[in-house]
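Scroll down for the structure; my scribbles are underneath it.
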Amino acid sequence: MRNIRFQLFLLVLIGMTIAQTAMAQGSYNEPYRPQFHFTPEKNWMNDPNGLVYYKGEYHLFYQYNPFGNSWGHMSWGHAVSTDLMHWKHLPVALAEENGVMIFSGSAVVDWNNSSGLCQSSDPKDKSCLIAIYTGHIEGKNQSQHIAVSNDRGRTWTKFAGNPVIDIGYRDFRDPKVFWHEATKQWVMVVVLSKEQKARFYGSKNLKDWILLSEFGGAGVADKNVLWECPDLFELPIIGQPNKKRWVLIVNINPGGVAGGSGGQYFVGKFDGKTFTNDNPVETKLFLDYGKDFYAAVSFSDIPKRDGRRILIGWMSNWQYAGKEPTVPFRTAQSIPRELKLKQTAAGLRLVHTAVKELQSLRGAVTTKRNLELSKPQVIASGEALEISGEFSVSKDATAIIRLSAGTSETLIGYDAAAQTLFIDRTKSGEVSFDRNFPGRHAVSLQPQQGKIKLHIFVDRSSVEVFGNDGEVALTDRIFPASKVQQVELQGANSKCLALKVWQLKAVWK
Ligand code: FRU
């Protein structure tokens, strides 16, 4: 008897040691844990912050609660990557201090030490990193602050003269800063959230700012909507060399196209002082038609020779973010997307495509051609998948990619009669944690020469769908019954002309 007890004791001890080792290494294998999307090892995350490229590294800062798995004690978590895919976690960069939380914001490279805060001893390189964020005092005030890092983002010092902009408001946040070459000044876009206004400020040194202009009363700007996390940048137009236009992103909560939080944008001109909208005030343009793409902002200082505008969004929605059924972490960031402008019959529109770095994760591939969709068939299965397909869609066609896991199913489909692309997550598994979670999210999409193209990324608990080379995007989280999902084709009056399904490699191994 004593012997059996001793053996049991030993087994428990060994079990505990294995579990502890797995935890210490961050196993990244809990239920719903994304395999190629960014998630912190543990605790709560929301918006991506301070996206910047500097000296060979992409920096991803993010709204983070170092003390638990729900919103609070907001600080900037930090990770770096050399390829936008594999992230190395670093210690919290900016922590809540003296009752001031670190809300969302941006980071820039101060190449010529305009701030006087860079302390380089190298005469050929005077640069340092400057973070610009909102200091939040609960219930009282939001103001803009800066912090400096002289060691490639590893340690940060808050500026002694903070705040750099304080107008005595409670809802004045999320500064995004960039260098405006034509007027040789730093420009900040920041929002008066409750007034649905973006403000533009200018500065020569990142410390002293003057108000340039305001923009508001356009797009989704109803009284109950909060404007949050703006961004402003110039983009090339596909197929029109030397032509560019400015894009102003304003994230909105609520008022998102699928309900709750989402992103909108405006296309126009920016002359270093004023943003002029190309479209009438009632024009509403949305970034993504799913329900889980919020607080999307782009990287600063991507080298000129690369020239891309790369966007990351928070894959959640304030309607239910705090209830998502994951432990010990909560929420994930989207895949990085490259943005371009495309001339369409309706005007200039943003096009999103997955960054090319994702191709480096491709493993085994299943290839199919000319499949009649009237007979449902399983094509592949896996946890992390990239699916690329082309479908002929006659007038009454439906073409569906069904992701199934035991009793759960997520439908990604095209309905030719309605000319819509949709994700239906009504029965996608765990959906009951909030009444706003289950549902079907759709966007109109026209076939081109009777065909539609789909590009899809599935990562255990998320689906990102790009239609017709990124003309539209839909992003949704799902919480299916198992890590592995089957990819099944079904439909009517439609043919899958070509299909590829890649297994994607996990980035956390
Ligand atoms: C957007 C947001 C920002 C704010 C941050 C606080 O999701 O509400 O406006 O800075 O989250 O965590």
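Only a predicted model underlies this, so the values are computations on that prediction, with no experimental measurement involved. Whatever order the structure lists ligands and atoms in, that order sets their numbers, starting from 1.
- Remark: minimum distance from atom 8 (O) of ligand 1 to any protein heavy atom is reached at Glu228 OE2, 3.0 Å.
- Between Phe293 and His352, the ring planes are tilted. Angles from 30° to 60° get that label.
- Considering only non-hydrogen protein atoms, atom 10 (O) of ligand 1 sits nearest to Asp174 OD1, 2.6 Å.
- Looking at Asp174 and Lys176, no side-chain N of the basic residue comes within less than 4.0 Å of a carboxylate O on the acidic one, giving no salt bridge.
- At under 3.5 Å, not a single nitrogen or oxygen of Tyr294, backbone or side chain, sits near a nitrogen or oxygen of ligand 1.
- Among residue pairs with one or both ends in residues 127-185, those qualifying as disulfide (SG to SG under 2.5 Å) are Cys118-Cys128; sequence neighbours excluded.
- Using a 4.0 Å cut-off between a side-chain N of Lys or Arg and a carboxylate O of Asp or Glu, Arg309 and Asp231 do not qualify as a salt bridge.
- Nearest protein heavy-atom contact of atom 12 (O) of ligand 1 is Gln63 OE1, 2.7 Å.
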Next item on the list: Determine, step by step, whether Leu206 and Val164 satisfy the side chain to side chain contact (heavy atoms under 4.5 Å, CB included) criterion, reporting the C-alpha distance in whole Å, the side-chain angles of both residues, the deciding distance to 0.1 Å, and the verdict.
Entry: CA-CA 8 Å; Leu206 294 161; Val164 292; over 6 Å; no
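- Considering only non-hydrogen protein atoms, atom 1 (C) of ligand 1 sits nearest to Asp47 OD2, 3.0 Å.
- Note on ring orientation: taking the six-membered ring where Trp is involved, the planes of Phe38 and Tyr62 are tilted (angle from 30° to 60°).
- Taking every non-hydrogen atom of Phe103 and a distance limit under 4.0 Å, the qualifying atoms of ligand 1 come out as 4 (C), 6 (C), 10 (O).
- Note that OG of Ser75 and CZ of Phe103 are 10.5 Å apart. Values are rounded to the nearest 0.5 Å.
- In this structure, Thr134 does not count as a contact residue of ligand 1, since none of its heavy atoms falls inside 4.0 Å of the ligand.
- Every atom of ligand 1 with a heavy atom of Trp318 under 4.0 Å away is listed here by number and element: 1 (C), 7 (O).
- Residue contacts with ligand 1: Ser104 is placed with a nitrogen or oxygen under 3.5 Å of a nitrogen or oxygen of the ligand (distance criterion only).
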